[in-house]
Amino acid sequence: MSRKPGKLYVITGPSGTGKGCICKEILKEIDNEFSVSMTTRPAREGEVHGKDYYFVSEEEFLANVEKGNFLEHARVFDNLYGTPKDMVMKQLVKGRNIILDIDVQGALQVKKAMPEAIMIFLLPPSLDELRRRLEGRATDSQDVIEKRLGQALNEIKLIGEYDYYVVNDDIEKAVSEVKSIMTAEKCRVPDKVTEIIKNYE
Ligand code: ADP
Ligand code: 5GP
């Protein structure tokens with residue numbers, strides 16, 4: 001019997017908006033897979049290779065680009081990030097839903113390659129609050145924070161490319177909205193309705 005393919009959720013938005021936090025909360029409550037990206041960024045304290053990212057050299061990353069191993073990849077603030085293609089495809093074929101937490105450039109590449117992807121844009125309540133979050137996270141130098149903030153408005157201007165937007169003011173509310181999107185997508189009438197009708201014949 002053919003299995004229903006899983007759904008691909010892309011969660012994107014300016015750096016510091018809260019994508020990582022929201023994905024973590026969603027994964028605690030909903031049994032979805034998370035796509036672990038490859039990056040040339042050095043690991044931050046507490047980050048685990050294979051769980052948070054695959055931390056690799058620029059040479060290894062570029063070899064993967066050359067082999068066509070990425071669904072999308074982009075340079076984000078001086079480091080390279082990419083989504084390994086085979087892991088995503090394997091999960092979808094198994095009927096598992098998978099969540100990608102990636103930047104806006106990568107998100108638009110995924111939309112082009114897989115138009116069926118469900119595109120969610122996460123917004124900060126304001127750019128002042130985004131600055132507070134980036135500074136509060138204390139993982140980046142002031143120079144990197146300024147670059148991330150400088151990019152945020154340009155990214156927000158591309159919101160028309162997305163299916164859904166969620167403002168992350170209160171984290172619980174934002175998580176609940178993302179979960180509602182997932183529930184609505186589960187209830188969407190599929191292109192092939194024969195399987196549903198068969199249950200009633
Ligand atoms: P991103 O993955 O989008 O770069 P993070 O998930 O790392 O962002 O969150 C950036 C910072 O903002 C973190 O310090 C996080 O604790 C904080 N944060 C996330 N969501 C909220 C929220 N709703 N209210 C206040 N702070 C938040
Ligand atoms: P950080 O260095 O703070 O973990 O992530 C920086 C940015 O890179 C975030 O916006 C994050 O969503 C994005 N990112 C993480 N993994 C990928 C990926 O595989 N591809 C792309 N394009 N962006 C990614």
Side-chain angles (χ1 to χ4, degrees), residues 7-24 26 33-44 47 52-89 91-92 97-124 126-127 129-131 133-134 137 139-141 143-168 174 178 181:
K7 292 185 188 289
L8 174 61
Y9 290 100
V10 175
I11 300 195
T12 192
S15 175
T17 302
K19 301 184 292 295
C21 290
I22 285 178
C23 286
K24 256 190 212 128
I26 296 283
E33 298 294 331
F34 180 70
S35 162
V36 179
S37 296
M38 198 176 275
T39 184
T40 59
R41 167 168 80 60
R44 296 178 185 140
E47 284 184 329
D52 298 290
Y53 283 105
Y54 295 104
F55 297 99
V56 298
S57 65
E58 184 140 344
E59 197 183 11
E60 190 176 342
F61 191 99
L62 294 176
N64 277 282
V65 173
E66 197 66 25
K67 289 185 204 148
N69 288 348
F70 291 121
L71 175 59
E72 61 72 38
H73 61 91
R75 185 173 285 278
V76 188
F77 312 112
D78 302 334
N79 292 297
L80 296 167
Y81 295 82
T83 303
K85 198 192 295 180
D86 65 334
M87 144 78 172
V88 171
M89 297 309 174
Q91 297 301 335
L92 293 177
N97 295 341
I98 185 155
I99 302 177
L100 271 54
D101 162 358
I102 61 176
D103 93 308
V104 172
Q105 310 166 68
L108 296 179
Q109 289 176 46
V110 174
K111 185 181 170 182
K112 216 166 165 190
M114 301 183 71
E116 68 278 23
I118 298 144
M119 309 289 295
I120 304 174
F121 198 98
L122 204 61
L123 283 165
S126 67
L127 292 182
E129 173 60 16
L130 184 62
R131 175 183 288 281
R133 287 185 191 173
L134 284 167
R137 188 167 68 176
T139 50
D140 304 298
S141 64
D143 176 46
V144 170
I145 290 178
E146 294 308 329
K147 275 194 202 160
R148 292 185 180 216
L149 281 167
Q151 214 27 48
L153 182 58
N154 290 333
E155 294 175 337
I156 292 169
K157 285 182 180 166
L158 297 175
I159 197 160
E161 299 291 327
Y162 292 82
D163 300 312
Y164 297 97
Y165 76 97
V166 170
V167 180
N168 179 21
V178 174
I181 292 167

Undergrad: Are side-chain heavy atoms of Q151 and D103 found at a separation under 4.5 Å?
TA: no
Undergrad: Mind listing the closest non-hydrogen atom pair of K19 and G13 along with its distance?
TA: NZ-O, 2.9 Å
Undergrad: Quick test of your reading of the model: are D52 and K24 salt-bridged, counting only N-O distances below 4.0 Å?
TA: no
Undergrad: For a 4.5 angstrom cut-off between non-hydrogen side-chain atoms, does L127 reach R131?
TA: no
Undergrad: To the nearest 0.5 angstrom, please state how far the CG atom of L130 sits from the CZ atom of R148.
TA: 10.5 Å
Undergrad: Please find out if less than 6.0 Å separates the ring center of F70 from that of F61.
TA: yes
Undergrad: How far apart are the C-alpha atoms of L80 and E58, what are their side-chain angles, what is the distance that settles it, and do they pass the side chain to side chain contact (heavy atoms under 4.5 Å, CB included) test?
TA: CA-CA 8 Å; L80 296 167; E58 184 140 344; 3.9 Å; yes
Undergrad: State, to 0.1 Å, how close V167 and A174 come at their nearest heavy-atom pair, and which atoms those are.
TA: O-CB, 4.0 Å
Undergrad: Does Y81 offer a backbone N or O that forms a donor-acceptor pair with the side chain of S37 under 3.5 Å?
TA: no
Undergrad: Take atom OH of Y164 as the centre, draw a 6.0 Å sphere, and report whether it contains more than 12 heavy atoms from other residues, nucleotides or ligands.
TA: yes
Undergrad: Quick check for you: to the nearest 0.5 Å, what is the distance between K7 atom NZ and E116 atom CD?
TA: 10.0 Å
Undergrad: Determine, step by step, whether V10 and M114 satisfy the side chain to side chain contact (heavy atoms under 4.5 Å, CB included) criterion, reporting the C-alpha distance in whole Å, the side-chain angles of both residues, the deciding distance to 0.1 Å, and the verdict.
TA: CA-CA 11 Å; V10 175; M114 301 183 71; over 6 Å; no
Undergrad: What's the separation between atom CD1 in I120 and atom CG in D101, rounded to the nearest 0.5 Å?
TA: 11.5 Å
Undergrad: Taking all atoms of both residues into account, what is the closest heavy-atom pair of L134 and S15, and its distance?
TA: CD2-O, 3.7 Å
Undergrad: Is any side-chain heavy atom of I98 closer than 4.5 Å to one of M87?
TA: yes
Undergrad: Any chance you could lay out the salt bridge (charged side-chain N to carboxylate O under 4.0 Å, His left out) test for R44 and D140, step after step, and finish with the verdict?
TA: CA-CA 10 Å; R44 296 178 185 140; D140 304 298; 3.6 Å; yes
Undergrad: Is there side-chain contact between I11 and V178, with at least one heavy-atom pair below 4.5 Å?
TA: yes
Undergrad: Are V104 and E161 side-chain neighbours, meaning at least one heavy-atom pair lies under 4.5 Å?
TA: no
Undergrad: Heavy-atom distance under 4.5 Å between the side chains of N168 and R133, does that happen here?
TA: yes
Undergrad: Measuring from atom CG of L100 to atom CE of M119, what distance do you get when rounded to the nearest 0.5 angstrom?
TA: 9.5 Å
Undergrad: Kindly give the heavy-atom pair with the smallest separation between A117 and D163, and that separation in Å.
TA: O-OD2, 3.6 Å
Undergrad: Can you tell me how far apart CD (E47) and OG1 (T39) are? Round to the nearest 0.5 Å.
TA: 9.0 Å
Undergrad: Near E66 CD, under 6.0 Å, is it more than 12 heavy atoms from other residues, nucleotides or ligands?
TA: no
Undergrad: Are the side chain of E72 and the backbone of L108 linked by a donor-acceptor contact shorter than 3.5 Å?
TA: no
Undergrad: Nearest 0.5 Å, please: how far is OG1 in T40 from CG in N79?
TA: 4.0 Å
Undergrad: Does a side-chain heavy-atom distance below 4.5 Å link I156 with F121?
TA: yes
Undergrad: Report the C-alpha distance between V166 and I181 in whole Å, list the side-chain angles of each, state the deciding distance to 0.1 Å, and finish with yes or no for side chain to side chain contact (heavy atoms under 4.5 Å, CB included).
TA: CA-CA 10 Å; V166 170; I181 292 167; 3.8 Å; yes
Undergrad: What do the steps show when you test V88 against T83 for side chain to side chain contact (heavy atoms under 4.5 Å, CB included), and what is the final call?
TA: CA-CA 8 Å; V88 171; T83 303; 3.7 Å; yes
Undergrad: Does any non-hydrogen side-chain atom of E129 lie less than 4.5 Å from one of P124?
TA: no
Undergrad: Over all heavy atoms of both residues, which pair between A74 and G106 is shortest? Give the atoms and the distance, please.
TA: CB-N, 4.5 Å
Undergrad: Considering non-hydrogen atoms only, spot the tightest contact between L123 and T17 and give its length.
TA: C-CG2, 3.3 Å
